[in-house]
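Note that the coordinates shown come from a computational prediction; the quantities given were computed from them, not determined experimentally.
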Amino acid sequence: MALVLLAATVAVASAQKPNIWFILSDDQGYNNIGLHNPDLITPNINQLVAEGRELTRHYVYKFCSPTRTSLISGRLPIHVNQENSATSQPYAGIPAAMTTIAERLSQANYSCHQVGKWHCGQATKQLIPHGRGFNTSLGFFNFGEDHYTQIRGAQALHESDTVACEGVDLWKTDKPAYGINGTYGGYIYTAEAIRVIEEKPANMPLFLFTAFQNIHPPLQVPESYIKRYSNASLQTTVNGMVTFLDESIGNVTAVLRQQGLWDNTLIVFSADNGGYLGNGGDDAPRRGGKFSDFEGGVRVNSFISGGLVPAAVRGTKVSGMVHICDWYATFLHLAGVNNIYDQRAANANLSQPDSINVWDLVSGANNTSPRFEVILSLMPTQEEKEKFDTVMQLGHHYRDPMYFVGGEAIIVGDMKLILGDMHRGPFGPHPTKPCDSFSPPWSGLTNPGLPCTCGTSGCLFNVTNDPNEEHDLASSDPGTVMKLKAKLDAARPSLYAPDRGAMDPKACDEVKNSGGFWGPWL
């Protein structure tokens with residue numbers, strides 16, 4: 001009898017824990033959403049925001065993999081990963097000794113599921129979603145692939161090797177997703193998210209991490225979504241991809257309601273970085289975009305919604321600062337776990353989570369964020385830089401500059417300092433021309449002529465009063481520049497920037513051995 005009562009108690013406690021659905025869009029710029037651009041057809045997202053709260057200062061890394069590893073590990077990118085390492089590198093992604101959010105939520109009796117893009121490690125089965133605490137997964141490992149075939153080449157391999165390494169990047173929990181590829185990826189991932197919700201165990205709360213592929217290149221979408229725009233000038237592939245994403249979110253939301261889960265569900269939406277300029281990304285009126293530390297690259301579309309959002313604050317905005325790593329502690333708090341200490345990481349001499357519980361802020365219990373500062377990106381020490389320069393001269397694949405872009409940035413309160421070069425993309429040289437020499441959103445501002453690089457002297461902005469970073473205050477406020485530089489220097493010794501290893505040809509061998517599918521190879 002005692003065991004029966006204990007089981008019943010656990011079941012009741014689990015039922016009271018909220019379901020959590022985290023939605024991560026890909027390369028969605030500030031202006032690639034109906035929330036900020038009324039020309040776009042995103043009725044479902046607009047409705048979710050109306051029933052929730054927009055987060056107007058939600059920060060991520062300036063590109064893909066570091067944002068994802070930050071969310072899953074609960075650490076700032078500087079303490080887990082600042083590289084878009086090739087998935088064929090053995091140490092890409094999150095170190096195995098760091099405990100993930102899915103592992104911690106599983107310990108709190110959550111049913112955890114991953115859908116869509118991973119980009120947090122592939123080399124071993126321990127590094128893929130199923131090995132990181134997710135009960136099931138259906139998605140792809142790499143940064144991108146063809147939306148229709150799910151085929152991709154080997155990232156960052158020499159061009160002559162790419163064809164030999166082509167394969168289908170689609171994995172289902174513990175094996176290649178045979179027979180599933182060949183359909184537009186958005187349909188695959190939407191159907192899987194719906195399946196997970198419909199098959200949710202009655203006695204377990206749900207954690208669903210859905211990382212949609214839209215609007216990442218290659219720019220592809222069924223023609224019908226483009227034709228939904230009556231204005232011919234808006235009939236672009238990227239706009240169709242935005243509307244497809246919105247419909248996917250709407251379809252999954254409808255199932256949450258049909259299954260009676262809405263009232264006890266928290267939805268969190270975020271883009272992984274700013275829009276990819278030249279590939280459909282539109283960050284106007286923000287300066288910069290993906291691959292830069294300007295607000296257009298790191299201050300992204302985000303909101304919370306669902307029945308868990310208190311009725312009194314629905315339809316309002318949250319102006320306090322939140323970093324994507326903060327959802328780790330926040331989700332654990334909602335699951336009844338208030339200790340985020342990572343013993344496994346401690347045993348491996350790795351950093352502890354940087355995550356801060358922001359539930360009181362986003363739920364409206366108070367208006368002050370517990371996060372007052374954040375280091376957005378940080379370069380290695382001079383000794384490490386010299387090592388980096390040396391190994392690159394030797395042709396080693398360590399920290400390939402195509403994916404480990406330069407520059408660094410910190411925000412303390414209202415003030416933001418940016419140092420170094422800010423890329424418009426990973427494949428070209430650092431920009432040296434004024435920003436007004438480039439196409440929007442680098443140009444077209446009311447104060448054109450600011451350089452696209454901040455150099456060693458730095459650019460200083462009050463991002464509360466000047467979110468578009470039009471007024472550089474560095475020369476008029478040297479004291480703040482020095483203070484923020486000192487904070488960066490103090491944090492530099494804690495930077496986690498290991499050699500991720502050379503790209504392993506055995507990863508390509510695995511493609512051949514697995515019938516043309518990518519997968520773990522070690």
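- Enclosure of atom OH in Y91 is not indicated, since only 12 or fewer non-hydrogen atoms of other residues, nucleotides or ligands lie within 6.0 angstrom.
- Of the listed residues (N81, T69, D342, D354), just one forms a side-chain hydrogen bond (donor to acceptor under 3.5 Å, both in side chains) with R75, and that residue is D342.
- Salt bridge absent: K125 and E510 never bring a charged side-chain N and a carboxylate O closer than 4.0 Å.
- Checked against H36 for a side-chain hydrogen bond (donor to acceptor under 3.5 Å, both in side chains), the options D282, N301, N31 give a single hit: N301.
- When ring centroids are compared, Y148 and Y184 come within the 6.0 Å threshold.
- Counting only distance, with no hydrogens or angles, the side chain of S292 and the backbone of G288 share no donor-acceptor pair below 3.5 Å.
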S302 vs R53, side chain to side chain donor-acceptor pair (under 3.5 Å): CA-CA, chis, key distance, verdict: CA-CA 9 Å; S302 183; R53 306 192 78 192; over 6 Å; no
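- Ion pairing of D293 with R299 is absent here, as no side-chain N (NZ or NE/NH1/NH2) approaches a carboxylate O to less than 4.0 Å.
- Residues R68 and D272 are paired through a salt bridge, judged by an N-O separation under 4.0 Å between the basic side chain and the carboxylate.
- Residue H113 is tested with T136, I197, T173 for a side chain to side chain contact (heavy atoms under 4.5 Å, CB included); the sole match is T136.
- Aromatic rings from F140 and W171 are positioned such that their centres are separated by 6.0 Å or more.
- At least one donor-acceptor pair under 3.5 Å links the side chain of D246 to the backbone N or O of I45.
- Two residues are said to be in side-chain contact when any heavy atoms from C-beta on lie closer than 4.5 Å; L105 and L332 meet this criterion.
- Remark: the Y189 side chain and the Q213 side chain contain no N/O donor-acceptor pair separated by less than 3.5 Å.
- The pair R195-E192 meets the salt-bridge criterion, with a side-chain N (NZ, NE, NH1 or NH2) lying under 4.0 Å from an Asp/Glu carboxylate O.
- With 3.5 Å as the limit, one finds a donor-acceptor pair spanning the side chains of W21 and T210.
- Residue I188 forms a side chain to side chain contact (heavy atoms under 4.5 Å, CB included) with just one option from L138, V115, N181, and that option is L138.
- Classification of the F244-Y187 ring pair by plane angle, with boundaries at 30° and 60°, yields perpendicular.
- Although no hydrogens or angles enter the test, the distance criterion places no donor-acceptor pair under 3.5 Å between the side chain of K172 and the main chain of G139.
- For W521 and D504, the side-chain atoms include at least one donor-acceptor pair closer than 3.5 Å.
- Centroid-to-centroid, the aromatic rings of Y276 and F291 come within less than 6.0 Å.
- Proximity of the aromatic rings of Y61 and F63 is defined here by a centroid distance below 6.0 angstrom, and this criterion is met.
- Between K62 and S377 there is a side-chain heavy-atom pair separated by less than 4.5 Å.
- Under the 3.5 Å distance criterion, with hydrogens and angles disregarded, a donor-acceptor pair is assigned to the side chains of T190 and S248.
- Rounded to the nearest 0.5 Å, atoms CD (E247) and OG1 (T42) are 12.5 Å apart.
- For the residue pair T67 and N273, no side-chain donor N or O sits within less than 3.5 Å of a side-chain acceptor on the partner.
- Side-chain contact check for E103 and S106: no donor-acceptor pair (N or O, by modelled atom type) lies under 3.5 Å.
- Put simply, the side chain of Q28 reaches to within 4.5 Å of the side chain of F269, judged on heavy atoms.
- Residues V49 and S305 form no side-chain contact, since every pair of their non-hydrogen atoms from C-beta on lies 4.5 Å or further apart.
- E145 and K117 are not joined by a salt bridge, as no carboxylate oxygen comes within less than 4.0 angstrom of a charged side-chain nitrogen.
- T124 contributes atom OG1, which lies 7.0 Å from atom CG of L522 (distance to the nearest 0.5 angstrom).
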